[in-house]
Amino acid sequence: MKQRLFTFFFVSLLWLVAVRATVTIEFSFGELAVANGTIGILVADVDQDGFTSLLDGAGTVLAVGSTISGSDDKIIATIQADDGGYWNGATGFSDTLSAIDYTALGISENTPLQFCWFPGHQLPGGTLARGDSWSCFQTSDIGTSGGTIGFLAPAERGSYRISHLSAAFDGDFDPLNPAATGNHASGVVGTPLPAPTDLTATDGTHPDKVVLSWDALSGAQGYRVFRSAGNDFSSASELTQLATNTFEDSSGDFGVSYFYWVLGYDELGNGAESLPATGSRDIAAVEGLVATKGSSASAVDLSWNAHTSAGSYDVFRNTEDSFVTSSFLINTASNSHSDTTVGEGVAYYYWVVAKQGGNSSEPGVGDAGWKTMGSVAGLVASTGEFAGRVSLSWASVAGATVYKIYRSSSDDFSDAVYLGDTGEVQFDDLSAGPLTDYYYWVEATNGQIAGPAGESGASGRRGDVRPDLTIGSKSSQKKGDNIYNSSASGQKITEKSKRHSRITSYSFLQNDTAVDDRMVVSGSKGNRYFKVKYLKKSPTSGNITSAVKTGRYFSTSLSTETQESIQIQLKPTAKTKDRKKSYSLIVKSYAESNSSQKDAVKVKAKHKP
């Protein structure tokens, strides 16, 4: 008994659930020019995200529970067209759609509905194929002939009517003008042609046209070309329809960049549009401009890539990197030009503009160029006239702001070293060594452009003050003239004295260079056997013993080959008496400006009792 009650309860529960999950719709839909038996379907947009077009409906099975092309649009009922006596001799759809199970079909109330029919398909419907015709209708209006719902799934449970009858029955659906009554669409089932690929458009290649090309599209009967000034296909205008995969657009404005699209079409309609390509009736900028940089002493040579669309070229020049303020230089039909109007030491910036008829390109990328800075002329190096330096001078070079000095001990510029630079046209080499011949070169530059340095060679020598000491027994005698050393070699005399007689000798202090300078003289101080005295004799006289002994005697400034005469007195002392003694006296001298060059003389005194 309990078992039976339980079974009855379970069955009753299933019945309640089934009833709550179903709805009945009485469906009447206008007079249509379709054959008896044509299948119609009621479709629900399950996810309520818009209906999928039946253009993509190939492969759809026309049966309850099927989806349109695998989308979320689901068939919830099928209806067969007949005349039914309702349509005044025409054919329409009329049926009672019972037990639509929302739960089983996965839909809910207020889901948007759409009604479609397929001429050429009859129940049981079959499968849609490419080329099948279709028509669909959807509206939110309630039928004026007594319909109780719009095209939304009604609430669960109960019976409802959708009634859109013909105009003859005062309905609101006019089969002669479906678009005027609700949302109507019709077409042919098929997969649209894919978008054409590799669309290209010339951009500045031709001043009179834009040439389009794209890959041929399999299955396309032809192509439609669209153009817009912005990257928005929806705003594009159709230019042409053609059967080939190339097109020349000569209708655009010169210098305006356009966006182009291409789509293919066949007997089923248009395919998808291609990705856009941009192009313009224009002259592309000149490329490859090169200006020589110091390779010529007379010009700046320009060259650039030949331009397929250019009839000629305008060349512009500026002394600053600004095309806006540049000046027109020349028009030429050649893709090269030699600018001989450039100044010395000036860098110029150049641009080239392609010309075709009255049209011009944008300026290409510019380049800077200059001719070689002039070489230094008139370089003179001193040859010993200046103490401790070699003095250089030269003629100024136009455009030069700096001169670079190079020196070598050989007449070969490749061995030269950089000494320094100056903004003047003279330079003193204070680092030159003594008694050495040097070779000099000067390079003119303005910090960017430099002239040749190896063409300006000149030899020079540092001026070194060289003392020349001589020695003699008499003022009329000289020994050691033009002999220079600090060992007194070749510049020695021997003097003898008897008893207490005094030895007198003469040393002559002479300047053997072209540079005036004073000479410093130092001499022996003597010993207990010989007393030494130094007396200046010419050009003035005086006792200079103390200064010479301390090495602090300074001569007057001596010019070339002038001299002072110094008398040297050696007198035996009382300690000598009858002893046999000898003594060597050394006198040395060097120039005040150069202590490295010394000369020396020697007097050997012998006392004989």
Side-chain angles (χ1 to χ4, degrees), residues 289-303 315-323 325-327 329-330 336-351 366-386 388-433 436-463:
L289 174 62
V290 175
T292 57
K293 298 169 177 59
S295 59
S296 170
S298 60
V300 176
D301 295 321
L302 308 174
S303 64
V315 181
F316 294 82
R317 187 182 74 183
N318 202 346
T319 54
E320 60 182 5
D321 191 8
S322 171
F323 174 77
T325 59
S326 65
S327 299
L329 184 62
I330 191 173
S336 64
H337 175 65
S338 184
D339 182 9
T340 58
T341 64
V342 292
E344 295 280 358
V346 181
Y348 295 89
Y349 295 87
Y350 295 88
W351 295 266
D367 193 29
W370 52 83
K371 71 178 184 180
T372 304
M373 178 79 71
S375 59
V376 170
L379 176 62
V380 175
S382 63
T383 55
E385 294 90 339
F386 303 103
R389 61 188 171 99
V390 179
S391 183
L392 307 175
S393 63
W394 56 88
S396 63
V397 175
T401 57
V402 176
Y403 298 92
K404 296 180 178 294
I405 319 305
Y406 298 87
R407 185 185 73 192
S408 175
S409 57
S410 66
D411 191 8
D412 185 352
F413 180 71
S414 64
D415 294 332
V417 295
Y418 170 69
L419 290 184
D421 55 52
T422 178
E424 307 296 329
V425 290
Q426 67 85 30
F427 180 82
D428 286 337
D429 177 13
L430 302 178
S431 64
T436 303
D437 290 325
Y438 291 100
Y439 296 87
Y440 293 89
W441 296 267
V442 179
E443 176 187 75
T445 179
N446 61 7
Q448 183 179 27
I449 307 169
E455 299 178 0
S456 61
S459 61
R461 184 183 182 93
R462 168 178 140 178

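Treat the numbers as computed from the prediction; the structure is a model and nothing was measured. Residues: numbered from 1 along the sequence shown. Just the heavy atoms: all of them, side chains too, but no hydrogens, waters or symmetry mates, feed the values below.
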Can D411 and S459 be said to form a side chain to side chain donor-acceptor pair (under 3.5 Å), step by step?
CA-CA 8 Å; D411 191 8; S459 61; over 6 Å; no
Show your reasoning for whether side-chain contact (heavy atoms from CB on, under 4.5 Å) applies to H337 and L329.
CA-CA 10 Å; H337 175 65; L329 184 62; 4.2 Å; yes
Could you walk me through whether T340 and S338 pass the side-chain contact (heavy atoms from CB on, under 4.5 Å) check?
CA-CA 6 Å; T340 58; S338 184; 4.1 Å; yes
Could you check V300 against R317 for side-chain contact (heavy atoms from CB on, under 4.5 Å), going step by step and ending with a plain yes or no?
CA-CA 11 Å; V300 176; R317 187 182 74 183; over 6 Å; no
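If you take CD on Q426 and CG on L392, they are separated by 8.5 Å, rounding to the nearest 0.5 Å. Rounding to the nearest 0.5 Å places CG of D301 at 9.0 Å from CG of D339. Note: S431 OG to R462 CZ = 9.5 Å, rounded to the nearest 0.5 Å.
Taking all atoms of both residues into account, the shortest heavy-atom contact from A416 to Y406 is CB-CB, 3.9 Å. Scanning all heavy atoms of the two residues, the minimum distance from T383 to G460 falls at CG2-CA, 4.3 Å. Annotation for S410 and W441: closest pair O-CH2, 3.6 Å, computed over non-hydrogen atoms. Looking at every heavy atom in both residues, D415 comes nearest to S408 through CB-OG, 3.7 Å. Between G433 and Y438, the closest heavy-atom pair is N-OH, 2.8 Å. The two residues W351 and S326 make their nearest non-hydrogen contact at CZ3-CB, 3.8 Å.
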Side-chain donor-acceptor distances from residues 442-450 under 3.5 Å, at least two apart:
residue : atom : partner : partner atom : Å
T445    : OG1  : G447    : N            : 3.0
T445    : OG1  : I449    : O            : 2.8
N446    : OD1  : Q448    : N            : 3.0
N446    : OD1  : I449    : N            : 2.7
N446    : ND2  : G345    : O            : 2.3

Do any side-chain atoms of residues 367-380 form donor-acceptor pairs under 3.5 angstrom with protein atoms, and if so which ones, sequence neighbours left out?
residue : atom : partner : partner atom : Å
D367    : OD1  : K293    : NZ           : 3.4
D367    : OD2  : A291    : N            : 2.8
D367    : OD2  : K293    : NZ           : 3.1
T372    : OG1  : G294    : O            : 2.5
T372    : OG1  : S296    : O            : 3.1
S375    : OG   : E455    : OE1          : 3.3

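The main-chain N or O of S382 is never found under 3.5 Å from a side-chain atom of S391 such that the two would form a donor-acceptor pair. In terms of modelled atom types and a separation under 3.5 Å, the side chain of Y348 and the main chain of G343 share a donor-acceptor contact. In terms of modelled atom types and a separation under 3.5 Å, the side chain of D428 and the main chain of L430 share no donor-acceptor contact.
Looking only at side-chain heavy atoms (C-beta outward), D429 and I405 stay at 4.5 Å or farther from each other. Residues W394 and F427 are in side-chain contact: their nearest non-hydrogen atoms beyond the backbone lie under 4.5 Å apart. At least one side-chain heavy atom of Y403 sits less than 4.5 Å from a side-chain heavy atom of V397.
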